[in-house]
Novice: 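Pasting in a structure now, in structure tokens, and then I'll have a few things to ask.
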Amino acid sequence: MNLDDMYRETILDHNQNPRNRGHLENPTKTVGLLNPTCGDEIALELELDGEKVSDVRFSGQGCSISMASASMLTEAVKGKSAEQALALAKNFKEFLTGSQNPENLGDLEALHGVSQFPSRVKCATLAHNALEKALSDKES
Amino acid sequence: MMDVTLVDLKKDFPILARPINGHRLVYLDSAATTQKPQVVIDAEVDFYTQHNANVLRSVHTLAEEATTLFQNARHTVATFVGATRPEEIVFTRGTTESLNLVARGFADKFLKPGDEIVVSPMEHHSNLIPWQQAAKRTGAKLRYIELSPDGQITLEAAQAAIGDHTRMVAVSHVSNVLGTINPVAEIAELAHRVNAVLVVDAAQSVPHQPIDVSQLGADFLAFSGHKMCGPTGIGVLWGRYPLLVESDPVIYGGEMITYVDRETATWADLPEKFEGGTPNIAGAVGLAAAIHYLEGVGMERIQSHTQELGEMAFDRLQAIPGVTVYGPKRPHSAVVAFNVNRVHPHDVAQVFDSLGVAIRAGHHCAQPLMQWLGVGSTARASFYLYNDHQDIEALAHAIEETKRYFRQ
């Protein structure tokens, strides 16, 4: 295995300079998720303007893959409709399991190397699972 | 000095010759599970190719052979840990099942509201959750022995936690994260002074040092075969004979009864009372082969070798800038947990793997200990009899590579 296949420059950049890290003043939805295999945790805060994700922040602790993936996700969904954001999360998860070609995934495409490592796929999809939970769970 | 004759042991373990990602495999995850020597693999193959049958039931030749091999394995384990009789050895799936058996079969029966179960924050979840749950079922309370700043149990701290209400004390012999070696004999004395029963999680000690239960002071002792060169799925609960007699079975079914009618059943004698269903016969045979292998090397030699590696690795890692090492400096067992500044343990382990170095990263099934350390997770290197100085150098090199890769 070549390490650079997993840790693409974009990933290291998002890990060291995370985008949208922090908290919103008035989040419409907040979802926290734990990865029980490693104890990593991510909280995603969304501000919804009607059907639109008008703002988003993430917080938590985890490996470079989970943190970079969360950072990339926040960039990708900001300004999108809830429906578009859910489609993106679904696309990304299928992309990592190899059943889908990348479709407007932007920086997230850099995470493709992770698909060779089932244990790390959980890290890469943690924020996406949180997003799905936030946007499909009416109670949260 | 390093025992030179031990260095040759790598050749007994066929998997250690397998290259990983183009590098020599440096296996530093033995606290999770150890690799298996050819003699253990052969023993399982021989059982299945020559002797396989169910035990304690049929009267044909294979059944007699299988039963003899199974009971001989029990004798081997009994002698290995100094049990007074083989009936004190209960075969289980592993340490976790052994500890759950004590919680269900003993604690549930004898604990009452207001009683206290004393544990420590360094426990593996398998020696914590069974007691949390037993406390919930019985109305007993959990009390913690607080750790010293470097992660040890001092006698003063044990004394402060063990009191008149203590009915059970459950501690690990050796921490699977901190490498701490706990003063079990002294804790036993404190427990017995108040008529409490001492349960010892020996998963990380029985593989590494001579154990004599008559000296140790424990009342129950749990360990796993797969952490001592044996197969997975076989473990042991040793208990003092009268305590096992008083304990209730927790798995009901075949071979654990003497008489059954439509409404009732009575239990078989020890140890069958606790071994309902067909046991892991080949696993027991493999475990016996592992014990013979370890005894051939010598448990004292294994102890001095793996502790030397643990202490050497502790010092080596502590000297690397940007590396935090956890647990006491001396004595330190064969487990060394560490973190590389600003690099998550998962990423550390991934770089290590690309260099053929296998370590564990995560919370090591000890989340309360992670909370005590104030970290989410750690990396962990752990050693066994087949490791050597070169492996420590490979570990140190891998840390330097990790720092370089993540620009730390």
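Naming: A, B, ... by sequence-line order, numbering from 1 per chain. Since the model is a prediction, treat every value here as computed from it, not as a measurement.
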Novice: Should A/Gln16 and B/Arg342 count as side-chain neighbours, where that means a heavy-atom distance under 4.5 Å?
Specialist: no
Novice: For B/Ile15, does the CD1 atom have more than 12 heavy-atom neighbours from other residues, nucleotides or ligands under 6.0 Å away?
Specialist: no
Novice: Measuring from A/Ile65:CD1 to B/His346:NE2, what's the distance to the nearest 0.5 Å?
Specialist: 10.5 Å
Novice: Just wondering, more than 12 heavy atoms not from A/Glu51 lying within 6.0 Å of its CD?
Specialist: no
Novice: Using a 6.0 Å cut-off, check whether atom CZ of B/Arg104 has over 12 heavy atoms from anything other than its own residue.
Specialist: no
Novice: Which region of B/Val351, side chain (C-beta onward) or backbone (N, CA, C, O), has a non-hydrogen atom less than 4.5 Å from a non-hydrogen atom of chain A, or is it both or neither?
Specialist: both
Novice: Answer yes or no: does atom CZ of B/Arg24 have more than 12 heavy-atom neighbours from other residues, nucleotides or ligands under 6.0 Å?
Specialist: yes
Novice: Going from OH on B/Tyr405 to CG on A/Asp4, what distance comes out if it is rounded to the nearest 0.5 angstrom?
Specialist: 3.5 Å
Novice: With a 4.5 Å heavy-atom cut-off, do B/Gln350 and A/Tyr7 have their side chains touching?
Specialist: yes
Novice: For B/Arg18, does the CZ atom sit with more than 12 other heavy atoms under 6.0 Å from it, leaving out its own atoms?
Specialist: no
Novice: Look up atom CG in B/Asp347 and atom CG in A/Leu12, then write down how far apart they are to the nearest 0.5 Å.
Specialist: 8.5 Å
Novice: State whether the number of non-hydrogen atoms from other residues, nucleotides or ligands found under 6.0 Å of A/Lys78 atom NZ is greater than 12.
Specialist: yes
Novice: Ignoring hydrogens and geometry beyond distance, is a side-chain donor-acceptor pair present between A/Asp40 and B/His344 at under 3.5 Å?
Specialist: yes
Novice: Nearest 0.5 Å, what's the CE-OG distance between A/Met6 and B/Ser354?
Specialist: 10.0 Å
